[in-house]
Structure formats: C-alpha cells, structure tokens
Amino acid sequence: EAIVEKANIDFSCIYAQDGCNVEMEKEDLKKHEAECLFRKVPCPNTSCEKLILFKSIGDHISSSHKDVYTLSSPRLEVLINNINMERENNYWSLMYWKDKNGLEFYPGIVKRNGCWYFWMKVKADPVTA
C-alpha cells in the first residue's frame, strides 16, 4: 500500500460507474469527488426521497415534478391562513430561484406534527453551499 501511495499513479473517480471519466493523483481526487457532477445527491423536493446525479437535478425536476414554483427574487412569502394553521401537516410545492451568479436555490417549507420547518438547498459544491 505504501508503494502505491508514493507511486505517480492516476486513480479513477469513485463516481466512474455513474459516468465520470476523471482520473488524477490521489491527493487531488478528494476535492474533485466532493464537486463531481456525477455525485449522487437527494432531490431538492423532500417528498421525492430519490438520489439523483448532481448534473441531472434540472432534468429530474422537469420530468418528475410538474408543480415547481419559480421565484422571481429571493424574497419568499408563504400564505399562512386558518386552513394551514389548523392542519397538523402541510407541504408546499417545490420552489426554485436562480441568482445573478447562476446559483440555484430550493427553499423548503413543511409543517409536520404541528411544527413548521424551513430550509434552503443550494445546487453547488459543498464549499460554495
């Protein structure tokens, strides 16, 4: 193992089976794998629960989630009325917003067991997100 570590050998990305053709030295590979377009990530729609290729998020949403609400600005307003307040559980449609730098944001809002939850998913590598 020590000989392999010191050898100038290129290693394949761990996502090669999903289509990544990158090969590089081991010390550079970890950074690539964290940002690899072929890494599997959860669908931004939490009710979907599918793992999809990072590069295919847009295609997956287009084909599997027809009820996407596109936001025109980062301002998010949620209509909370008596019906929403009385329900024990509630789920809003998948929302999407793209900023001027091309970053994609997917805010999520649910009410489960009487508690409200809000989060923001960002389509980016882990460092940017």
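Scope of the values below: all heavy atoms of this structure, side chains included, with no hydrogens, waters or symmetry mates.
Between Ser12 and Glu23, the shortest heavy-atom contact is OG-OE2, 3.4 Å. Across His60 and Cys48, no two heavy atoms sit closer than the pair NE2-SG, 3.5 Å.
Here the CD-CG distance, from Glu104 to Asp99, works out to 9.5 Å after rounding to the nearest 0.5 Å. Annotation: the span from Lys31 atom NZ to Cys36 atom SG amounts to 12.0 Å, rounded to 0.5 Å. Rounding to the nearest 0.5 Å gives a distance of 7.0 Å between NZ of Lys111 and CD of Glu88. Between atom OG of residue Ser93 and atom NZ of residue Lys66 there is a gap of 14.0 Å, rounded to the nearest 0.5 Å. Summarising the geometry, atom CG belonging to Asp10 is positioned 13.0 Å from atom NZ belonging to Lys26; distances are rounded to the nearest 0.5 Å.
Chaining together hydrophobic side chains whose heavy atoms lie under 4.5 Å apart places Val68 alongside Ile14, Tyr15, Leu37, Phe38, Val41, Ile52, Leu53, Phe54, Ile57, Ile61, Leu94, Tyr96, Tyr106.
With sequence neighbours excluded, no residue forms a side chain to side chain donor-acceptor pair (under 3.5 Å) with Ser72. Under the rule for a salt bridge (charged side-chain N to carboxylate O under 4.0 Å, His left out), Lys50 has no partner lying at least two apart in sequence or in another chain. Ser47 pairs by the side chain to side chain donor-acceptor pair (under 3.5 Å) definition with Asn45, not counting sequence neighbours. Taking the side chain to side chain donor-acceptor pair (under 3.5 Å) definition, one finds that Lys98 meets it with nothing, sequence neighbours left out.
Checked options Phe118, Trp116, Tyr117; the residue passing with Val110 is Tyr117 (criterion: side chain to side chain contact (heavy atoms under 4.5 Å, CB included)).
In this structure, the side chain of Asn101 does not engage the main chain of Leu103 through any donor-acceptor pair within 3.5 Å.
Heavy atoms from other residues, nucleotides or ligands lying under 6.0 Å from CG of Asn21 number 12 at most. Residue Lys30 places its NZ atom among 12 or fewer non-hydrogen atoms of other residues, nucleotides or ligands, all under 6.0 Å distant.
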Distance-only donor-acceptor hits, side chain of residues 120-129, under 3.5 Å, sequence neighbours excluded:
residue, atom, partner, partner atom, Å
Lys121, NZ, Cys43, O, 3.2
Asp125, OD1, Val127, N, 3.0
Asp125, OD1, Thr128, N, 3.0
Asp125, OD1, Thr128, OG1, 3.4
Asp125, OD2, Thr128, OG1, 2.9

Dump the intermediate steps for side-chain contact (heavy atoms from CB on, under 4.5 Å) on Trp119 and Thr46, then the final yes or no.
CA-CA 11 Å; Trp119 63 92; Thr46 55; 3.3 Å; yes
